[in-house]
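One structure below.
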Amino acid sequence: MATDQGIAGSTNRHTIGVAFVTDAASAATVRDCFGQLGIGETRVETGDIGAAIDALATGPSPTLLIADISGIDDPLSRIRTLADVCDPSTSVFVVGARNDIALYREIMRLGVSGYQFKPIVLDPLVRACRAALAGEEGEEPGPRIGKLVAIMGVRSGVGGTTVAVNAAWHLATSMGRDTMLIDLDLETGDAALQLNVQPTHTLRAALEHPDRIDDVFLDRAAIQVSPKLQLLAGLESLTDPVAADADVVMRIVANVRKRHNYNIVDVPCRAGQVFGRLASASSTIILVADPTVSSAREMLRWQEYLKSVGAPGTVRRILNKSGAPGALSDTEFLTAIGGAPCTLIALDPEIVRGADSGQPAIDRCRGLRRSLASLFVDLSGMPDIDPPGLLARIFGG
Ligand SMILES: Nc1ncnc2c1ncn2[C@@H]1O[C@H](COP(=O)(O)OP(=O)(O)O)[C@@H](O)[C@H]1O
Ligand SMILES: [Mg+2]
């Protein structure tokens with residue numbers, strides 16, 4: 001709830017609304033907007049999104065941020081950088097100079113609450129900001145800048161969990177991003193196994209008793225894997241499976257997304273309906289396959305499905321275990337999926353060997369790290385410390 005002192009329950013919030021805009025006319029409109037919203041302490045600064053990034057990197061995040069991308073060459077990458085320095089629960093509204101529907105779509109995919117090109121019109125701005133602020137307390141909050149990534153191995157055993165765990169680990173421990181990993185496969189508990197932590201029964205409890213889902217419950221349920229990595233995972237009886245309801249999963253995701261910059265959900269392939277819902281809300285969707293005819297067919301089927309539901313995120317295809325003896329060659333697999341760009345991860349005995357050591361393979365296998373480097377650039381908007389170089393095993397984009 002917005003008060004003059006800040007947001008109830010939040011200790012590091014000083015200001016409710018902050019804007020960085022480059023021109024006096026926009027500043028005047030934003031001031032009027034803040035006035036009409038009646039939201040307590042607000043600030044309007046002269047500057048663009050770069051100034052917003054600098055300010056938020058060193059200070060607390062407001063509840064509502066308006067950032068100006070006029071004159072910025074690479075607005076999408078700057079918005080991603082902003083997302084990294086900003087509290088995930090902050091609603092971000094972007095203003096800019098371009099009336100461009102493609103740019104608008106790309107911006108909205110990043111979890112931004114709204115975009116207006118200049119001259120800014122007061123009434124729609126007030127309405128959009130009010131809606132974003134109202135979402136603060138709802139069960140299904142409005143867009144949040146905390147990134148959602150849905151990962152699914154198109155068949156069991158192809159390496160979906162391996163990709164999810166290694167991506168989450170690298171983002172959190174090497175790139176320092178606040179990350180939540182959710183493993184929805186409660187029958188295998190593989191993510192907990194790969195991270196060498198003890199699964200709990202609380203994810204099951206959350207799925208079966210959605211009325212219990214709130215910040216405190218999920219905070220307690222999450223396993224602290226490393227300072228910046230939390231895991232929601234379980235290992236349940238094989239004879240008493242948990243049915244994950246898509247509505248309940250979305251409720252859990254909406255909650256954790258308010259509090260973590262990166263939210264990675266590993267979905268077992270049998271939970272197709274849940275994956276569909278998650279994919280529709282994700283900025284990045286990752287389909288993992290192994291080099292077999294049936295995996296290629298499933299990957300094609302999932303791509304078609306994602307297209308048919310209009311999932312707005314970037315779909316990344318990963319061919320894992322490339323080079324496995326007796327399997328399809330890379331070229332055969334790529335032909336089978338219609339020549340679409342695909343990231344390759346080699347079959348590597350090191351990945352299996354240390355799979356339960358608690359030190360995910362990405363710290364030991366340079367090949368895996370190189371393969372996933374472009375994913376990290378996409379997700380964080382920043383080059384990885386160890387760029388892929390010429391050896392990157394990426395076909396296409
Ligand atoms: N590139 C790889 N090379 C060798 N083994 C791998 C590779 N990727 C995954 N594995 C192994 O394959 C098995 C299944 O992987 P997992 O990630 O659990 O699959 P999924 O979640 O899709 O069922 C695990 O033992 C894992 O260590
Ligand atoms: Mg799995």
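Each ligand, and each atom within it, is numbered from 1 in the order the structure gives. This is a predicted model, so every value here is computed, not measured.
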Under 4.0 Å from one or more heavy atoms of D190, ligand 1 contributes atoms 18 (O)
Quick check: does A346 get an N/O under 3.5 Å from an N/O on ligand 1? yes
Heavy-atom contact under 4.0 Å between A361 and ligand 1? no
Criterion side-chain contact (heavy atoms from CB on, under 4.5 Å) against R259, the qualifying member of D87, D178, L218: L218
Taking the minimum heavy-atom distance to atom 13 (C) of ligand 1, which of R155, Q194, K321, M152 ranks first? K321
Is the shortest side-chain N to carboxylate O distance from R316 to D378 below 4.0 Å? yes
Value for CG (L334) from CG (L344), rounded to nearest 0.5 Å, stands at 6.5 Å
Check: P349 N/O within less than 3.5 Å of ligand 1 N/O: no
Counting backbone and side-chain atoms alike, is an N, O or S atom of T161 positioned under 2.8 Å from the Mg ion (ligand 2)? yes
Taking both backbone and side-chain atoms of V352, is any N or O found less than 3.5 Å from an N or O belonging to ligand 1? no
Per-atom contacts, ligand 1 versus D348 - under 4.0 Å to a heavy atom: 2 (C), 3 (N), 4 (C)
Quickly, which of L56, T42, I39 forms a side-chain contact (heavy atoms from CB on, under 4.5 Å) with P62? Name it, please. L56
Closest to atom 22 (O) of ligand 1 (judged by heavy-atom distance), picking from G153, G160, S156: G160
Taking the basic N atoms (NZ, or NE/NH1/NH2) and the acidic carboxylate oxygens, is any pair closer than 4.0 Å for E41 and R43? no
To the closest 0.5 Å, what do you measure between CD1 (I16) and OG1 (T63)? 4.0 Å
From the options I151, V288, T161, select the one whose nearest heavy atom is closest to atom 21 (O) of ligand 1. T161
Is there any N or O on L347 that sits under 3.5 Å from an N or O of ligand 1? no
Nearest heavy atom to atom 1 (N) of ligand 1, choosing from N320, V163, D290, belongs to N320
Return the CE to CZ distance between M175 and F376, rounded to the nearest 0.5 Å. 7.0 Å
Please check if atom CZ in F217 has more than 12 non-hydrogen atoms from other residues, nucleotides or ligands closer than 6.0 Å. yes
